[in-house]
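In this text, all values refer to a predicted model and were calculated from it rather than measured experimentally. In what follows, residues are counted from 1 in the order of the sequence shown. Below, each value reflects all heavy atoms present in this structure, side chains not excepted, and no hydrogens, waters or symmetry copies.
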Amino acid sequence: MDQEDRIALFLDYENLALGARDHRGGVAFDFRPIADALAERGRVVVRRAYADWSYFDEDRRMLTRSHVELIEIPQRMGASRKNAADIKMAVDAIELAFERDYISTFVICSGDSDFTPLVHKLRELNKRVIGVGVEGSTSGLLPPACDEFLYYDRLEGVDIPPARGGRSRPATRQAGAEQRPPEPEQEADRRPQEAEPDRDADTLAVQVAQSVAGLQGSANGEVTASRLKRTLLRKDPTFSESDYGFRTFGELLRHLAERNVIELAEGPAKGDPEVSLPEHGDREVAFGLLRGVVADLGSGGNPVALSGLKNQVRRARPDFSEKKLGYRSFLQFCKAAATAGVLDLRWSPEADDYLLTTHP
């Protein structure tokens, strides 16, 4: 139990519940999918929801059954009531961050950008922050500020409204299609969506390969699946393997390994495999590519600086990656090419950079 994350959950309930109802065809908000998602991430030791509960009588009963502490914010005029709830929630979160050192993760359930400073402050206090919001009512400023952001609409167990367009889990979308015949407009809208998973899968493969390459280049030990997942979440806090049709991150990695995008090996812990890029490709062809780019840039025998050279190589061949050839860095790849006699590489104190030249 000592290894579990202790989680404090704060719900800006009016923002969350009204957002769900307004942007999901009037479907009532359900707290259970959020509780289930957090149960997978740690032990929730604090659950608080803030609202004027006279407006949410049925919701109050639902939350009480889920052991959520209800914080009453009495009715006031317009924005002052909203500000009172926001301020109370922010003050309580900061107070808890100082008083309860064992709480490692704070979950802020709101799509309001006003909570962005709170998120920054909590992270400054070395707390992990997970955001939860309704996709249609979440400010674009909030998700990038969090360590991880969960869209309520995409959580397992959230029912998809019949007329809902946009992104959804493949299994749920198929079930919805079986329940009702598509209308002409819906059929037209769905055709581009059917092609979307393939494009998403290709984009995901590139993101994973780039992340693994970057982690390998940092030389901070082996790249494990858990470390890779944390890196992907830092790049995009809204990342979720379920958006690509996979139940778990391990299933996603096995799929990419079958496509030869990555390689999996036994890791330091059970269930946490080591991830690496496959070493494939023709080194001689890559050396020839490098020599050709240096010759073009340094016409007349002028030296070419190493800085920015990799971008030029990728312009000539977009799929180029020194990691696929077994080199940890582009500099190491260039040194290997120099050792093979393909070109000359020397350090220039004047240029404060490596310079490359081709043989006459």
Side-chain angles (χ1 to χ4, degrees), residues 1-13 15-17 20 29-51 59-71 88-111 115 118-134 142-143 145-158 224-234 237-242 246-251 267-272:
M1 182 177 294
D2 289 339
Q3 301 301 318
E4 290 182 317
D5 281 341
R6 266 66 166 192
I7 299 175
L9 170 64
F10 292 84
L11 294 100
D12 177 11
Y13 196 77
N15 178 280
L16 204 62
F29 172 78
D30 183 9
F31 175 71
R32 177 50 53 186
I34 295 178
D36 291 344
L38 297 182
E40 298 169 356
R41 289 162 171 79
R43 181 179 171 218
V44 181
V45 296
V46 175
R47 301 183 182 191
R48 296 178 184 174
Y50 298 74
D59 305 61
R60 178 169 53 189
R61 296 188 182 93
M62 177 224 3
L63 293 170
T64 301
R65 287 193 295 268
S66 297
H67 311 288
V68 177
E69 180 185 359
L70 306 182
I71 308 299
K88 173 63 174 171
M89 184 168 148
V91 169
D92 285 357
I94 293 297
E95 182 180 42
L96 206 64
F98 280 104
E99 291 185 350
R100 304 289 188 269
D101 291 339
Y102 56 82
I103 296 179
S104 57
T105 302
F106 283 74
V107 179
I108 307 299
C109 293
S110 178
F115 286 105
L118 171 62
V119 172
H120 289 314
K121 180 56 66 175
L122 290 171
R123 296 186 66 186
E124 183 181 323
L125 295 172
N126 198 29
K127 305 297 183 181
R128 185 167 184 262
V129 181
I130 300 175
V132 181
V134 178
L142 190 58
C146 301
D147 293 293
E148 182 179 3
F149 196 91
L150 307 175
Y151 283 115
Y152 172 78
D153 319 56
R154 306 181 193 175
L155 294 179
E156 193 69 33
V158 175
T224 61
S226 58
R227 186 182 177 196
L228 175 60
K229 177 70 177 287
R230 290 193 298 269
T231 300
L232 292 172
L233 283 171
R234 282 195 291 267
T238 67
F239 170 80
S240 174
E241 59 273 5
S242 64
F246 300 97
R247 292 175 61 86
T248 65
F249 190 62
E251 182 181 333
K270 185 178 180 181
D272 193 14

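Remark: the backbone N or O of Ser226 is paired with a side-chain donor or acceptor of Asp272 at under 3.5 angstrom.
Of the inter-residue distances, the one linking Phe31 atom CZ with Tyr13 atom OH reads 9.5 Å to the nearest 0.5 angstrom. Atom-to-atom distance recorded for Ile94:CD1 and Glu99:CD is 12.0 Å, nearest 0.5 angstrom. From Cys109, atom SG reaches atom CZ of Arg47 across 11.0 Å, with rounding to the nearest 0.5 Å. In this structure, Arg41 CZ and Thr105 OG1 are separated by 10.5 Å, a value rounded to the nearest 0.5 Å. Note that CD1 of Ile103 is 11.0 Å distant from CG of Leu9, once rounded to the nearest 0.5 Å. In this structure, OG1 in Thr238 is found 9.5 Å from CD in Glu148, a value given to the nearest 0.5 Å.
Heavy atoms only, all atoms of each residue included: Arg123 and Ala145 are closest at NH1-O, 2.8 Å. In plain terms, the two heavy atoms of Leu122 and Ala93 that are nearest each other are CD2-O, 4.2 Å. Shown here for Leu96 and Ala8, the closest heavy-atom pair between the two residues is CD2-CB, 3.8 Å. Nearest heavy-atom pair across Ser110 and Leu142 is O-CD2, 3.0 Å. Nearest heavy atoms, Cys146 versus Val129: CB-O, 3.7 Å. Scanning both residues, Leu16 and Gly133, for their nearest heavy atoms gives CD1-CA, 4.1 Å.
Phe29 has its side chain out of reach of Val134: every pair of non-hydrogen atoms, C-beta onward, lies at least 4.5 Å apart. At a threshold of 4.5 Å between non-hydrogen side-chain atoms, the residues Tyr152 and Asp30 count as touching. In this structure, the side chains of Arg230 and Leu233 stay at 4.5 Å or more apart for every pair of heavy atoms. The side-chain heavy atoms of Phe98 and Arg100, taken from C-beta on, include no pair separated by under 4.5 Å.
Geometric assessment of Lys127 against the ring of Phe106 yields a negative cation-pi assignment under the 6.0 Å and 45° thresholds.
Across Ile108, Asp5, Asp147, Val107, a single residue satisfies side-chain contact (heavy atoms from CB on, under 4.5 Å) together with Ile130, and that is Val107.
By the 30° and 60° cut-offs, the orientation of the rings of Tyr50 relative to Phe10 is parallel.
Residues Phe149 and Tyr151 bring their aromatic ring centres within 6.0 Å.
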Practice task
With side chain to side chain contact (heavy atoms under 4.5 Å, CB included) as the test, would you mind laying out the steps for Arg128 and Ser104 before giving the verdict?
Solution key: CA-CA 6 Å; Arg128 185 167 184 262; Ser104 57; 6.0 Å; no
